[in-house]
Amino acid sequence: MIIKLNIPIKAVPHQSVRMTRTGRAYQPKKITDYKQQIKEAVREQLPDGFLAIEENTPIFVTRLHYVFKYPSNTPKYKKESDEILYKFTKPDLHDNLNKALFDALEGVLWQRDQNVVAMDDVKKYYSDSDYIILEVRC
């Protein structure tokens with residue numbers, strides 16, 4: 001089975017758990033809101049009656065592109081060229097971006113994100129709008 005998703009949300013890096021003065025751990029609201037938006041966007045694109053990929057099934061992420069809107073100071077000639085303008089600034093690709101996305105998809109697309117066994121074609125680059133392209137095979 002191949003699942004293709006185009007999630008129209010700006011990727012947000014996962015932040016460490018924060019602590020209150022009393023020592024209670026919490027997740028920043030920005031991250032919890034982002035995860036909820038991901039869940040809603042993915043549920044809309046999945047077929048009716050879709051059940052999350054079972055726990056003992058190997059999952060292959062065949063395509064994962066984090067696309068960011070061009071910075072306001074990007075020259076017009078760079079935006080109009082056919083060449084991909086890669087994003088080489090923070091956040092880092094494998095740790096922070098993937099963590100938040102994969103956690104959000106747990107229980108919606110797959111039961112456990114630990115079942116992702118391979119990732120191919122993982123990129124981050126600029127375009128006219130913010131979105132995430134995800135293609136999964138199981």
Side-chain angles (χ1 to χ4, degrees):
M1 166 176 33
I2 296 176
I3 300 167
K4 296 180 182 183
L5 301 169
N6 189 337
I7 307 165
I9 297 171
K10 181 179 181 177
V12 175
H14 195 276
Q15 297 174 346
S16 301
V17 175
R18 303 280 173 103
M19 300 295 274
T20 64
R21 290 183 203 143
T22 59
R24 193 176 135 257
Y26 72 96
Q27 190 69 245
K29 184 172 176 11
K30 178 180 176 181
I31 299 300
T32 56
D33 290 348
Y34 170 69
K35 288 180 181 180
Q36 189 59 39
Q37 290 174 341
I38 292 283
K39 287 178 183 182
E40 291 171 9
V42 169
R43 281 187 184 120
E44 289 175 6
Q45 294 182 45
L46 292 173
D48 291 338
F50 179 84
L51 297 174
I53 300 169
E54 292 185 18
E55 191 169 331
N56 294 323
T57 306
I59 300 168
F60 303 91
V61 176
T62 55
R63 185 175 182 198
L64 178 56
H65 292 192
Y66 295 99
V67 185
F68 295 88
K69 189 173 182 178
Y70 286 111
S72 58
N73 62 350
T74 305
K76 188 175 181 180
Y77 74 90
K78 284 191 177 182
K79 292 179 185 179
E80 292 175 350
S81 75
D82 291 335
E83 188 176 319
I84 294 176
L85 185 59
Y86 290 102
K87 180 175 175 33
F88 52 86
T89 59
K90 289 185 179 183
D92 61 289
L93 185 61
H94 292 289
D95 296 336
N96 295 343
L97 288 175
N98 290 347
K99 175 86 173 120
L101 176 66
F102 285 15
D103 285 352
L105 294 174
E106 200 164 285
V108 178
L109 184 59
W110 45 61
Q111 288 181 354
R112 308 277 316 241
D113 63 359
Q114 70 188 20
N115 293 340
V116 174
V117 296
M119 292 178 34
D120 299 324
D121 193 17
V122 181
K123 298 176 184 174
K124 63 178 183 174
Y125 55 90
Y126 292 109
S127 184
D128 293 328
S129 60
D130 296 311
Y131 56 95
I132 302 167
I133 300 170
L134 177 64
E135 203 171 292
V136 174
R137 182 175 51 87
C138 59

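All residue numbers in this chain count up from 1 along the given sequence.
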How far does [atom1] of [X] sit from [atom2] of [Y], to the nearest 0.5 angstrom?
X      : Y      : atom1 : atom2 : result
Arg43  : Asp48  : CZ    : CG    : 13.5 Å
Leu64  : Glu135 : CG    : CD    : 10.5 Å
Glu44  : Glu40  : CD    : CD    : 7.5 Å
Ser127 : Phe68  : OG    : CZ    : 12.0 Å
Gln27  : Arg18  : CD    : CZ    : 9.0 Å
Ile31  : Lys99  : CD1   : NZ    : 11.0 Å

TODO: Output every pair passing ring pair (Phe, Tyr, Trp, His ring centres under 6.0 Å) with a member in residues 119-138, not counting sequence neighbours, ordered by first then second residue.
DONE: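 Listed by first then second residue: His65-Tyr125.
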Check for me, please, whether [X] and [Y] land in the same ILVMFWY cluster - side-chain distances under 4.5 Å, paths through other members count.
X      : Y      : result
Tyr70  : Tyr66  : yes
Val61  : Ile3   : yes
Val108 : Met1   : yes
Leu46  : Leu105 : yes
Val122 : Leu134 : yes

Answer yes or no: is there a side-chain heavy-atom contact under 4.5 Å between [X] and [Y]?
X      : Y      : value
Asn98  : Val116 : no
Leu5   : Val136 : no
Thr62  : Ile2   : no
Leu109 : Phe50  : yes

Where is the tightest heavy-atom contact between [X] and [Y], given as atom of each residue plus distance?
X      : Y      : value
Val12  : Leu97  : C-CD2, 4.2 Å
Glu106 : Gln111 : CG-O, 3.1 Å
Ala100 : Tyr34  : CB-CE2, 3.7 Å
Arg112 : Ile59  : O-CD1, 4.4 Å
Ile9   : Ala41  : CD1-CB, 4.1 Å
Ser129 : Val67  : O-CG1, 3.7 Å

Task: Residue pairs passing the side-chain hydrogen bond (donor to acceptor under 3.5 Å, both in side chains) test where at least one lies in residues 78-87, sequence neighbours excluded - done: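 Only Lys87-Thr89 qualify under side-chain hydrogen bond (donor to acceptor under 3.5 Å, both in side chains).
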TODO: May I have the step-by-step check of side chain to side chain contact (heavy atoms under 4.5 Å, CB included) for Ile38 and Leu101, ending in yes or no?
DONE: CA-CA 7 Å; Ile38 292 283; Leu101 176 66; 3.9 Å; yes
Open item on the list: For the backbone of Pro91 and the side chain of Lys124, can you confirm whether one donor and one acceptor N or O come within less than 3.5 Å of each other?
Closed with: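 Yes.
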[X] atom [atom1], neighbour heavy-atom count above 12 within 6.0 Å:
X     : atom1 : result
Glu54 : CD    : no
Phe88 : CZ    : no
Asn73 : CG    : yes

